[in-house]
Amino acid sequence: MEYIETDKKRMRTATLLSIVPGLGQIYNKQLFKGIAFLIIFALFVIEMINFGAEALIGLITLGSTPGMDHSLFILIEGSLQLLILLLFILFYAINFNDARKVAKLWAEGKKVNTSIKSILLNMVDNGFPYLFTIPAYVAMVFAIVFPVLVTIFIAFTNYDFYHIPPAKLIDWVGFENFTNIFFLSSYRDTFLAVFGWTVIWTVAATTLQITIGIFTAIVLNQKFIKFKRVFGIIFLLPWAVPAFITIMSFSNMFNDSIGAINTQVIPLIDALIPFVDIGSLPWKTDPTFTKIAIILIQGWLGFPFIYVLVSGILQSIPEEQYEAARIDGAGVLQRFRHVTMPAIFTIAAPIFITQYTGNFNNFSMIYLFNEGGPGSIGAGAGSTDILISWIYKLTTGTSPQYSVASAVTLFISLFIIGISLIVFKKTKAFEMED
Amino acid sequence: MKNEAIIQFKNVTKQYDNDPPVLNDVSFEIEKGKFYTLLGPSGCGKTTILRLIAGFTEASNGEIFFNGKKINDVPANKRQVNTVFQDYALFPHLNVYENVAFGLRIKKMNNIDIDKKVKEALSFVNLKGYENREIREMSGGQRQRVAIARAIVNEPEVILLDEPLSALDLKLRYEMQYELRELQRRLGITFIFVTHDQEEALAMSDEIFVLDQGKIQQSGTPKDIYDEPINRFVADFIGESNILKGRMLDDYLVEFVGKQFECVDQGLDKNEPIEIVIRPEDLEITTLERGKLQVCVDSQLFRGVHYEISCYDKDGNEWLVHSTKAANVGDEIGLYFDPEAIHVMRLGETEEEFDKRLEAYTDGEAGHGK
């Protein structure tokens with residue numbers, strides 16, 4: 001649309017005046033809106049003068065006088081102020097846009113709401129969805145984005161045992177924590193060992209629980225099995241008992257000297273099977289045996305969920321598909337491979353992935369069984385610690401390393417998000433069908 | 001000339017535990033290269049016959065022969081039979097090509113042969129160019145064709161179709177009826193088609209088996225079964241009918257609704273109680289004087305091709321009339337019909353006796369030199 005020179009000038013003036021929010025609106029004869037914008041602007045300016053400016057500067061310096069300035073609080077206040085500033089910038093952009101748009105309406109001679117009533121009505125009519133969702137978005141920014149932001153910031157500081165505020169100041173150190181994790185030998189070796197074991201643990205334990213789950217579901221789905229319900233309930237028992245109690249019980253059972261495994265189960269096996277003499281095994285003192293025990297227990301703990309899930313899927317596979325495969329000459333194994341497995345995986349793949357990511361961060365299994373032990377592999381980590389339990393040890397204990405813990409946390413998040421994205425994309429699980 | 005029987009059932013019974021038998025002492029023969037339909041209400045045993053032929057269930061009693069060889073104990077995949085399922089049973093994770101190729105891959109055929117056969121089968125069902133489609137991207141009719149392609153690619157001698165059209169909408173169903181019939185002629189394979197839709201059965205079959213309560217009630221060409229139903233069930237199940245109790249007074253003379261009528265049936269006992277069938281389209285609306293029956297029009301439905309008019313005579317018998325002309329509800333009208341329109345059914349007659357009687361008519365006619 002072509003505008004004449006005065007209209008163009010009007011639009012330019014309205015936009016320029018909006019440098020002070022509200023003035024543009026008042027120029028557009030929207031007095032009520034203008035005043036409302038002005039009040040928001042004034043509140044922001046007052047907030048900036050009294051608190052904000054200082055907080056933003058604090059976010060850069062993180063305090064200057066040890067003992068007086070509490071660096072952690074300054075960091076948190078600064079993060080908070082940063083979010084407020086971002087919200088204001090958003091408002092500022094909306095303000096410009098609004099002034100321009102209304103001026104354009106004037107220029108085109110269209111109807112413009114000028115009275116308080118019509119502006120409010122327009123807001124309720126056209127902005128109804130926004131009115132209702134904006135509070136939720138604001139709450140989300142402070143409840144979710146804010147803590148994440150603080151964690152990210154801490155990963156770039158030297159917040160550790162030697163820098164505990166308010167006695168000491170915390171300082172920005174850039175990527176030092178990350179370079180330490182990946183390149184400084186003391187951290188690097190621990191990180192690589194823990195990370196390696198985390199991956200092995202995740203893959204082994206989760207694959208085991210999925211395998212047992214699918215296997216039990218398929219066995220119980222066979223027609224010749226009697227008392228299906230009884231077995232079904234027995235299979236669900238590991239799920240029904242709170243996991244931490246189960247893990248602690250197993251922890252006792254695997255005790256090297258007095259646990260049931262070493263004092264009863266293995267002697268029984270030795271006695272029953274000729275030429276077999278296992279003797280007692282160092283379940284809790286030898287890392288390899290601890291790892292085996294943990295993986296087995298997780299298989300036991302985790303399969304009922306998969307069993308329930310797969311049972312449901314199996315019942316939804318039409319019998320005709322098996323018959324069709326049978327006509328074509330597919331044997332038992334081929335029917336399983338070509339009919340059962342694809343059906344299970346197309347439906348359950350996303351759930352299986354959450355099982356993997358869940359075990360990647362399965363703190364309770366590792367920590368409750370043997371507290372990540374036995375022994376230590378440096379930087380506070382035990383030989384069976386996974387990343388998440390290592391983080392726990394880094395932030396508790398006598399010499400906490402908050403900044404390194406934050407950096408490892410960021411690493412875990414990025415790693416899991418990355419893997420999940422790749423797998424979700426590959427499995428087509430989220431392709432919507434009609 | 002009699003074609004060789006490809007499938008033969010001898011006194012086959014199928015019974016689960018102590019329930020009444022699903023199939024009760026059934027014997028029949030199926031000839032090569034024809035289109036057969038098993039027709040009957042749900043639970044009549046038609047699907048059981050199909051599953052027995054396919055090898056998904058075993059007969060409790062009796063023998064099943066395939067090309068003269070007993071196949072009671074032959075597993076499903078060793079039979080020269082393939083099935084098209086009601087819900088197609090296509091594999092959702094494989095595309096069209098792989099679905100059709102599935103059986104060949106299981107047989108470890110080499111890729112070049114597979115490719116040739118799959119392409120051939122797909123072009124047979126007019127699905128050329130759809131090889132790489134996913135099953136969920138196909139419409140109901142297309143899935144149906146993929147299922148057929150998957151069946152014919154294995155080159156079976158018999159294809160079993162278990163109500164394959166019931167999931168399609170009316171228009172598509174008509175289209176597929178033509179296509180299936182056409183496909184069967186081109187392939188020359190025996191088709192055994194299961195349905196509960198009598199129109200479908202009449203339109204497509206060379207031969208129909210009407211089943212009820214685990215027994216074959218009547219078998220024959222669509223025309224035979226429609227024109228000469230053996231009993232009340234068949235008459236009622238195949239199309240609309242007016243069925244009434246009556247008495248055979250003499251050869252060519254039958255009595256019902258208290259009146260005597262000329263007919264074409266003979267050779268029955270004198271005064272034998274019988275049932276007669278008159279098809280609604282054989283009744284002609286006429287004046288009271290000219291009509292053989294006098295009835296009052298009770299209600300009328302417009303069916304598109306014709307009006308379906310329901311009338312009652314003064315004894316309270318309902319008469320269903322199909323007419324292209326409308327009648328007025330409440331009018332007294334006359335109904336006229338030819339002697340040939342009356343079809344006489346003996347009570348409790350077996351199929352053998354029935355066939356013999358019908359043959360006697362034609363012999364008799366020839367003998368009389370009519």
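Atoms considered below: every heavy atom in the structure, side chains included; atoms not considered: hydrogens, waters and symmetry mates. Note that the structure is predicted; figures quoted are calculated from it, not measured. In what follows, every chain begins at residue 1, and chains take the letters A, B, ... in the order their sequences are listed.
- Heavy-atom contacts from other residues, nucleotides or ligands closer than 6.0 Å to CZ of A:Phe182 number more than 12.
- Residues of residues 69-77 of chain B having a heavy atom under 4.5 Å from any heavy atom of chain A, listed by number: B:Ala76, B:Asn77.
- What you find for A:Glu320 and B:Gln86 is that their closest heavy atoms are OE2-N, 4.0 Å.
- Residues of residues 183-194 of chain B placed with any heavy atom under 4.5 Å of a heavy atom in chain A are absent; none qualify.
- For a residue to count as touching a neighbouring chain, one of its non-hydrogen atoms must lie under 4.5 Å from one of that chain's; by this rule B:Asn82 touches chain A with backbone and side chain alike.
- Other residues, nucleotides and ligands place more than 12 heavy atoms under 6.0 Å from the NZ atom of B:Lys107.
- Taking the six-membered ring for Trp, A:His338 and B:Phe102 have ring centres closer than 6.0 Å.
- In the displayed structure, B:Glu58 atom CD is contacted under 6.0 Å by at most 12 heavy atoms of other residues, nucleotides or ligands.
- For the atom pair CG (B:Asp87) and CD (A:Glu319), the distance works out to 13.0 Å, reported to the nearest 0.5 Å.
- Proximity to chain A is absent for every atom of B:Val153, based on heavy atoms less than 4.5 angstrom apart.
- Looking at B:Leu90, the atoms closer than 4.5 Å to chain A (heavy atoms on both sides) all sit in the backbone: N, CA, C or O.
- Residues of residues 202-241 of chain A never come within less than 4.5 angstrom of chain B, heavy atom to heavy atom.
- The contact between A:Gln334 and chain B is made entirely by side chain atoms (from C-beta outward), counting heavy-atom distances below 4.5 Å.
- Within residues 325-332 of chain A, the residues having any heavy atom less than 4.5 Å from a heavy atom of chain B are, in residue-number order, A:Ala325, A:Arg326, A:Ile327, A:Asp328, A:Gly329, A:Ala330.
- The number of heavy atoms from other shown groups lying within 6.0 Å of OH (B:Tyr174) does not exceed 12.
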